[in-house]
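Quick note on labels: first sequence line is chain A, next is B, and so on, each numbered from 1.
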Amino acid sequence: MKKDGFFEQVYVLTKKIPSGKVTTYGQIAKKLGTKDARRVGHALHANPYKEVPCHRVVNKEGRVAENFAFNGPDEQISRLRAEGVGFVSKCYVDLDKHLYILC
DNA sequence: AGCCTGACTCAAA
DNA sequence: CTTTGAGCCAGGC
């Protein structure tokens, strides 16, 4: 287990997302002082911590990572919906209402 | 070591 | 409005 500060920061911030809220890769990336949102995506893709609700992290369009979800796209969407997240479309969450603003 | 791809985003044409 | 290019950087082969 090697220490990747960047990865850990991503996990920590992601875990801080309250139920019924979502955030974007860009927000996390900027919060960590980088412009590379892709690394955030990679961090979550590596996601060694099962406690990290990666399904609460979406892209700027509010779209979930259906292609790389755990059991399938429906699982991820279903979880968000169960947490009270509103969907404007099948795979798109309502960012205007549920976007978690990092501080 | 080098090339290609990617759970991204923004800006310009 | 859509399409393209560029920025950033790590992981896989």
*Given the C1' atoms of dT3(C) and dA7(B), what is the spacing between them in whole Å?*
23 Å
*Cys103(A) backbone acceptor or donor facing Lys31(A) side chain under 3.5 Å*: yes
*May I ask you to check if Arg39(A) and Phe6(A) form a cation-pi contact, with NZ or CZ under 6.0 angstrom from the six-membered ring centre and within 45° of the axis?*
yes
*Hey, does the side chain of His98(A) reach the backbone of Gly20(A) with a donor-acceptor pair shorter than 3.5 angstrom?*
yes
_Parallel, tilted or perpendicular: which one describes the rings of Phe7(A) and Tyr11(A), with boundaries at 30° and 60°?_
perpendicular
*asked:* Can you pull out the residues from residues 37-46 of chain A that lie within a 4.0 Å heavy-atom distance of DNA chain C?
replied: Arg38(A), Arg39(A)
_Salt bridge flag under 4.0 Å for residues Arg79(A) and Glu75(A)_ = yes
*How long is the line joining CG of Asp36(A) and C1' of dC8(C), in whole Å?*
4 Å
_Please check if the number of heavy atoms outside Lys15(A) that lie under 6.0 Å from its NZ is greater than 12._
yes
*With respect to Thr14(A), which candidate in Leu44(A), Thr23(A), Val40(A) satisfies the side chain to side chain contact (heavy atoms under 4.5 Å, CB included) definition?*
Leu44(A)
_If I pick the P atom on dG5(C) and the same atom on dT5(B), what distance separates them, to the nearest angstrom?_
15 Å
*Rounded to whole angstrom, note down the P distance from dA10(C) over to dA1(B).*
14 Å
*asked:* Tell me whether Thr24(A) contacts the main-chain N or O of Gln27(A) through its side chain, where contact means a donor paired with an acceptor under 3.5 Å.
replied: yes
*What is the 5' to 3' range of DNA chain B, first to last nucleotide, that sits under 4.0 Å from any heavy atom of chain A?*
dG6(B) to dC10(B)
*To the nearest Å, how far apart are Tyr25(A) OH and dA10(C) P?*
18 Å
*Find the distance Lys35(A):NZ to dA10(C):P and express it as a whole number of Å.*
14 Å
